[in-house]
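Below is one structure, written out as structure tokens, with a few remarks after it.
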Amino acid sequence: MSPRPGYVLEVDRSTPPTLFWHGEGYRLERLPQGSRVVYAPEPIEPLADPVAAVRHALDHPLGDSQPLRSLLRPGMRLTIAFDDVSLPLPPMRRPDNRQLVIEQVLDLAAEAGVDDVVLIAALALHRRMTEAELRHALGDRIYDAFAPHGLLRQHDAEDPSELVHLGTTDQGEDVELSRRAAESDLLVYVNINLVAMDGGHKSVATGLASYRSLRHHHNAHTMRHSRSFMDQHRSELHSSNWRMGRLIAASGVRVFQIETTLNNDAFPEQFRFLQRREWEWSARDRAAFVASSAALARTPARLARSVLHGIAGPHRMTSVQAGEVEAVHAVTTGHVHAQQLVEVDGQSDVLTMGLPYISPYNVNSIMNPILVACLGLGYFFNLYRGRPLVREGGVLIMSHPTRKAFHPGHHPSYIDFYEEILAETTDPAEIHKWEEAFATDPWYVHLYRTGHAYHGVHPFYMWYWCAHALDHLGAVVVVGGEPSTVRRLGFRPASTLADALEIAADVVGPSPSVTHLHAPPLMIADVR
Amino acid sequence: MKALVFERAVARFAAARVAATLRGSGHGAAAGPLRMVDADQPDLPGPAWGRVRPLLAGICGSDLATVDGASSRYFEEMVSFPFVPGHEVVGTLEQPPDGSPLAAGSRVVIEPVIGCVPRGVEPPCPACAAGDTGACQHLAVGHLSPGLQIGYCADTGGGWSAAGLVAHASQLHAVPDGLSDEDAVMVEPTACAVHGALAAEVADGACVAVLGAGTLGLATVAALRRLSDPGQLLVGARYPHQRSLALELGADRAVEPDQLDRSVRRATRSLRLAGQVTAGADVVVDCVGSSASLAASLAMVRPRGRVVLVGMPGRLHVDLAPLWHRQVTLAGTYAYGLEAGGRRTFDLAFDVVAAAGLGRLVSARYPLERYAEALAHAGAAGRRGAVKIVFEPGQRPPRQVPPDERAPRTVASGAPRPAGGRSGAGGTRRSGTRKGRTP
Amino acid sequence: MTAARRDPDLGAGRQPTGRRAWSASAVTGVGRLARARLRRATRPAPFPWGAPTWPGTVARPVPSSGLGDEYDTAWARRYPVRLARAMVTDNLTRPAVHLLASPLVRGAELLDMAEAPVVIVANHTSHLDTPLLLSVLPDRIRHRTVVAAAADHFFDRRWKAHLWAGLLGAIPLERNRVSRRSVDEATALVEDGWSLLIFPEGGRSPDGWQQELHRAASLPAARTGRPVIPVHLAGTHRILPKGGTRVRRARTTVVVGAPLYPEDGEDARHLSARLETALATLAAESRTDWWTARRQAAAGTTVQDARGPDASPWRRAWALGGTPAAWTGEHDSSSAHGDGDPRRWAVRRD
């Protein structure tokens, strides 16, 4: 049976309650009659033999690139950069796409006798990966061959000796890149394109860049004009990255881009009800839901977190393409759309969503309030093409406990951002004046370079990520969130979904139309 | 005439301590050595003394510690029993001292420290001779009973009394007409804060952190802002109303106390090492006086910086390794006297109270008869959204009031209303931000 | 800092004042008193009840260290110690090794057939090699085996010397300089009926590839004429590599080769060369299979192959990765590779 495409359900009297994620747990909520629920397409078939597919892609590159084999020669400098721990979500079961691809790239390099090879985790301003995370992404074989010799590095955007300024684009944007990557004879970048935003020129121009370079597109103005940043043709974020990418290519950096896509089979067998339509839940699914939701509700948040972060998704590679960046990315985007696109007819007054325990920036960590805002207003709100799912001036209702809890090791600057900046303003345009101070704070820089901390400026980026949604929406309501925390974020707290809909009605008028985004699994709503 | 008297009674002292431990600060009043008695007016010790009938008398952190049996034994020999507590007093001058320019019936604020001059010590000690009474060396001698201040001395009476008290001519300050009673009762604690703020020796543009935002902390913020020019004035305050008051009074940033070191670190762009902010604030003013607050102060002051103890400490257990290694100056500040510019602290305090409108810190007024309630309210002031609780010794409680209307009279200024009895009961948390105390 | 440290004895005699007798200071006072008493009780007794102090004007003779190759291990071969060691090895070390390394032994029958005493030589990549090898030896050999261990590493402290001699039956072998004494000792032990376990590379390989052999390692066999059994260990490098601090579970393969008999008059240099070829052949066999290894040995490239490619560290590490037991731990074999045997994953890439 071939996988079914996405589906938009209209809620009627006989519709069972709808699953809402709620942080480290989930619950069933009854949506008002006439609401729409947008379901993601079912997982498409993965590649039967990913190893052979990778080999084929390396030998038959797209665009004007030569096969990888012929680009390798003894005595050259080869750098392999790869996506960091923020992708994919949840982390995929071993072997990870990065391992499948890089092992073959290295086999070719070994055959060709390339001695000078360095692997770089393209962190940009994210936290450094732990050994376990690197082993998970790359496999033990690569880790043990490279890490002991210092050849497995993590991009350090604060090491001036490891950065090189390549120039400025015609819009005056600085392009500053990892020196090793820029001065290599060949830079191979290995992507996992979980959503349409990932990949393309953004891989190198963002992943291996520094604050000096990133600030040109990670700001309130750009994000406000990225509608959405999941749609690269209407995204100022991408336009800026594309300008930078072309400058990088023009300055002689040779990039061999490898992009892989995944299906959206995000949860393992025992949690499959999370990605099934409620009316199709079997007795087993219902039992699993009742048992797991009750258990998670009674588990301390800390334990529930460690259980959920231990889940590895069974998603598998659905395509792999290699070669010249833009040619590769065009094909990749097609594959992402094939899995994720759902046609939705028209906007609604209210958009509801349940936010899960994980976002790109809290893998094996705590989802702090700022990341809650970013996941809801940044990521989920932007999962559209064409028009947002909610009309301008509409209301977004998200369900998440929104506890005031931070991981002090991973998110040190977030705490100060929450306590000092958000206490004064929640306007993405206004917070800009503190950005520089956070970005250059020596303690954050120290923790970013030596610990596992996100860069000092990162919480600002999270807030910029929300800029488009904050501009567009009339109000944001958080169901079941800690009221003081929710208010600090500038949102409105509600204890139940019914209350939230009442609050929404105050903003958008009585009997509003409601759409529920039944994610994860991820999808892109193609709003007509 | 009703008065509250504190007697020497070891068993009741222990009971107060137990009650305070079990039920929270301020609850020592019900069980302890504080009693309501019918008292006569104290005798005038000499011709230079006058009689003052209190209008408002504040409850200070040190009063609470005394009532709860929790004050340091250090003070044991500096008080004489039985005494009437209350040293933050604004009152009416019933009988002016001989030769005083003050008219009978005018409002006065008491400067309660009893130095050499009121004690009749001749010649006075060098500090008193200079006017710096806070550093007096003759606290327990002379013709008066021992007692470091009015409110701790058996012979003078104190503010918590309808019978009034006696004060020496040198201890009386006329209240300007523009100043309300609430403002005036804040002058004495503000004088302590002024003295602390000046002892901090804040250089222009310096980073100053104030830990604790009870009466003393908030008054210190007001004094620091008005008497010096700190570049950054950061306040650690536990309760939301304290934070908003701190901001109103001139703080640049008010955060929860456990976040203060983070704010200091960010303001000074320091690193961290061994739990310390490596650079840190130039001056930290500790308005709490607990082990935790002193440890936190030492953790956020810069090397060769200054930690000023304004809150009254007791026996503390603190690791002084950072003090030694970072060459920090730890300065104690008690009471008031003469400041560096030659002005009396009280004169400066009058200015600060008027400029900052510190009368707003007075949150509730109680008649003497309801002293147990008043002290419990003061003990839980922060939690109940209050700052300064005062007695109105002249007022009698209305008879037979329905229980739900028995809320104290609230002061209708910018101060928050007291939260009522709802959250008053229950144990208090022992930690770093108890109300600051001044003796 | 020392100046600031207070002398705890100073306040010891002072009684806590009566007024504060109930307070915490009284408790610490009692503690301080007790500590002072204890200190006094454990202080060395003065002369003549205790040892005399040495006059500063008289030169002190340098005592023999008794460490390194001067350490006498005879005590560790006495019956009660051997019995205790056998108990520990059989009941603790072996199960632990099997749990950690799950060794697959090829050619175990060669060990069974061997006639003790023998000299067992093996490649060396991990501290785990010794317990692993001991745990796959037949009982009769295992309980009468001494292990040659680096004198400068295992015998440099008295406690270490006691520990390794007692626990493993280690004897010190000098690897950095010529030392007749340690070789003589090993030879004597073999003549005395003890089997000898020796790692002729003279230390753990830094990257898992075979290193050049120390000739001295062949001397005991060459002198006594006892058979030498070459053994190749694969996989221990991944459990605990040289310089590693973390132990990970992995599979290991132990390949036992046919015994080499020293020919009459054969010198250690020649035996050492034969041994190197034998070990390299076993390494190839461990990577591939017995027949392929034979054919490679016939072609004469085995030793060079065993030493690894002359390339950058990553390529040496990469080339080492293809052994069958490798990297199988957490592969999801069902999906990507479609077969039940996780080992095919690694085989396929060759």
Side-chain angles (χ1 to χ4, degrees), chain A residues 45-55 74-75 77-78 80 92-97 99-100 102-119 131-132 135-136 138-152 263 265 268 312-317, chain C residues 125-126 204-209 234-252 287 305 308-339 342-350:
Chain A
E45 275 301 309
L47 292 170
D49 188 347
V51 176
V54 171
R55 188 173 308 143
R77 282 157 73 93
L78 171 65
I80 304 171
M92 65 189 292
R93 285 187 192 159
R94 282 185 163 195
D96 191 280
N97 278 5
Q99 177 185 349
L100 290 171
I102 297 176
E103 282 192 353
Q104 298 217 34
V105 172
L106 287 173
D107 276 343
L108 291 177
E111 262 174 47
V114 184
D115 278 324
D116 188 358
V117 179
V118 167
L119 270 63
E131 180 184 334
R135 282 184 183 278
H136 187 93
L138 300 175
D140 294 324
R141 196 181 170 209
I142 295 175
Y143 187 89
D144 288 334
F146 284 83
H149 308 294
L151 300 173
L152 173 53
N263 62 12
D265 191 8
H315 31 208
R316 292 265 145 240
M317 195 190 288
Chain C
T125 57
S126 164
R204 287 166 296 155
S205 157
D207 54 7
W209 290 102
T236 49
H237 184 56
R238 270 186 296 287
I239 298 176
L240 178 65
K242 183 171 184 175
T245 50
R246 215 171 55 137
V247 176
R248 309 158 52 80
R249 279 186 68 185
R251 293 184 200 188
T252 53
R287 273 201 299 280
D305 283 355
D310 181 18
S312 62
W314 85 265
R315 275 174 64 199
R316 284 173 62 81
W318 197 247
L320 193 69
T323 50
W327 323 116
T328 52
E330 288 175 80
H331 276 305
D332 183 6
S333 54
S334 60
S335 48
H337 316 298
D339 56 42
R343 292 178 176 218
R344 255 197 75 193
W345 164 250
V347 172
R348 162 178 283 181
R349 64 179 51 261
D350 286 326

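We name chains A, B, ... by the order of the sequence lines, and we start the count at 1 in each one. Only this structure's heavy atoms are used, side chains among them; waters, hydrogens and symmetry mates stay out.
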| request: State whether A:Arg55 and A:Asp107 are salt-bridged, where the test is any N-O pair (Lys NZ or Arg NE/NH1/NH2 against Asp/Glu carboxylate O) under 4.0 Å. | output: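 Here A:Arg55 does not pair with A:Asp107 in a salt bridge, since their nearest N and O are not under 4.0 Å apart.
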
| request: Sort A:Leu106 into side chain, backbone, both or neither according to what part of it lies under 4.5 angstrom from a heavy atom of chain C. | output: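 Contact with chain C: backbone and side chain both.
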
| said: Does any backbone or side-chain atom of A:Glu111 lie under 4.5 Å from a heavy atom of chain C? Answer side chain, backbone, both or neither. | reply: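 Interface part for A:Glu111: neither.
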
| field | Residue among A:Pro148, A:Pro74, A:Gly113 with most heavy-atom pairs under 4.5 Å to chain C | value |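 Option with the greatest count: A:Gly113.
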
| said: Can you list everything that forms a salt bridge (Lys or Arg N to Asp or Glu O under 4.0 Å) with A:Asp265? Sequence neighbours excluded, please. | reply: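 With sequence neighbours excluded, A:Asp265 shows a salt bridge (Lys or Arg N to Asp or Glu O under 4.0 Å) to no residue whatsoever.
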
| request: Let me see the working for C:Ile239 and C:Val247 under side chain to side chain contact (heavy atoms under 4.5 Å, CB included), right down to the final yes or no. | output: CA-CA 5 Å; C:Ile239 298 176; C:Val247 176; 3.8 Å; yes

| field | Minimum side-chain heavy-atom gap C:Arg204-C:Leu240 below 4.5 Å | value |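 No, every pair of side-chain atoms sits at 4.5 Å or beyond.
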
